Amino acid sequence: MHAPEIVLLTRRDCHLCEAARETVGRVAASLGLGWSEQLIDDDADLTERFAEEVPVVLVDGVQRDFWKIDEARLRRTVEAAARD
């Protein structure tokens with residue numbers, strides 16, 4: 001079992017990002033995991049790739065959800081990744 005890497009990609013002044021922070025934080029805390037946030041505003045490659053989808057959740061480097069983050073789906077995804 002391993003601790004999956006959870007990364008939330010966000011932008012400044014993004015109301016969906018605020019809600020996503022809360023959701024990712026709840027899921028990670030309930031599973032005893034850490035997570036990180038990365039602003040895409042100052043990264044041209046990330047902005048080009050994800051500009052229309054922010055916020056985006058990556059689990060072990062794979063995009064798993066975007067816009068409105070579904071808490072139950074994220075929990076299932078992280079739990080499955082931890083078993084791999």
Side-chain angles (χ1 to χ4, degrees):
M1 201 162 140
H2 85 283
E5 179 185 47
I6 304 168
V7 178
L8 177 62
L9 303 177
T10 60
R11 297 191 82 153
R12 290 180 192 90
D13 302 321
C14 167
H15 70 283
L16 291 175
C17 298
E18 293 292 328
R21 274 185 205 99
E22 293 173 12
T23 301
V24 171
R26 274 193 306 273
V27 169
S30 73
L31 298 173
L33 299 170
W35 64 281
S36 63
E37 180 176 345
Q38 183 174 357
L39 287 171
I40 70 165
D41 295 322
D42 299 324
D43 185 313
D45 291 334
L46 289 176
T47 298
E48 182 177 333
R49 182 172 174 197
F50 295 111
E52 301 301 319
E53 297 177 348
V54 171
V56 174
V57 174
L58 305 175
V59 177
D60 288 338
V62 177
Q63 181 176 343
R64 295 300 185 173
D65 213 346
F66 65 100
W67 290 335
K68 185 173 182 332
I69 308 306
D70 183 279
E71 189 164 343
R73 181 172 47 230
L74 178 59
R75 181 180 309 281
R76 287 190 306 269
T77 299
V78 172
E79 287 173 338
R83 288 190 297 270
D84 289 344

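Only a predicted model underlies this, so the values are computations on that prediction, with no experimental measurement involved. In this chain, numbering begins with 1 at the start of the sequence shown.
With sequence neighbours excluded, no residue forms a side-chain contact (heavy atoms from CB on, under 4.5 Å) with His15. In this structure Asp42 satisfies the side chain to side chain donor-acceptor pair (under 3.5 Å) test together with Arg12, sequence neighbours excluded. Judged as a salt bridge (charged side-chain N to carboxylate O under 4.0 Å, His left out), and not counting sequence neighbours, the contacts of Arg21 are Glu18, Glu37. With sequence neighbours left out, the salt bridge (charged side-chain N to carboxylate O under 4.0 Å, His left out) criterion links Arg83 to no other residue. Here Glu71 pairs with Thr23, Arg26, Val27, Arg75 under the side-chain contact (heavy atoms from CB on, under 4.5 Å) rule; sequence neighbours left out. Partners of Asp60 according to the salt bridge (charged side-chain N to carboxylate O under 4.0 Å, His left out) rule, which considers only residues two or more places apart in sequence or in another chain, do not exist here. Arg73 is linked by a side chain to side chain donor-acceptor pair (under 3.5 Å) to Asp65, counting only residues two or more places apart in sequence or in another chain. Judged as a side-chain contact (heavy atoms from CB on, under 4.5 Å), and not counting sequence neighbours, the contacts of Ala82 are Met1, Pro4.
Hydrophobic clustering (ILVMFWY, side-chain heavy atoms < 4.5 Å, transitive): Leu74 and Leu31 are in one cluster. In the hydrophobic cluster analysis, where Ile, Leu, Val, Met, Phe, Trp and Tyr join through side-chain heavy atoms closer than 4.5 angstrom, Val54 is grouped apart from Val57.
Applying the disulfide (SG to SG under 2.5 Å) test to pairs two or more places apart or on separate chains, none has a residue in residues 38-84. Applying the disulfide (SG to SG under 2.5 Å) rule to pairs touching residues 32-84 yields nothing, sequence neighbours excluded. Listed by first and then second residue, the disulfide (SG to SG under 2.5 Å) pairs involving residues 1-64 are Cys14-Cys17 (not counting sequence neighbours).
Here the side chains of Leu39 and Arg11 are not in contact, with every heavy-atom distance at 4.5 Å or above. Side chains of Leu33 and Ile6 form a contact here, defined as non-hydrogen atoms less than 4.5 Å apart.
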Tell me which donor-acceptor pairs under 3.5 Å the side chains of residues 43-51 have, and how far apart each pair is, sequence neighbours excluded?
residue: Asp43; atom: OD1; partner: Asp45; partner atom: N; Å: 3.0
residue: Asp43; atom: OD1; partner: Leu46; partner atom: N; Å: 3.0
residue: Thr47; atom: OG1; partner: Ile40; partner atom: O; Å: 2.5
residue: Thr47; atom: OG1; partner: Asp43; partner atom: O; Å: 3.0

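Minimum heavy-atom separation, Ala28 to Trp35: CB-CD1, 3.6 Å.
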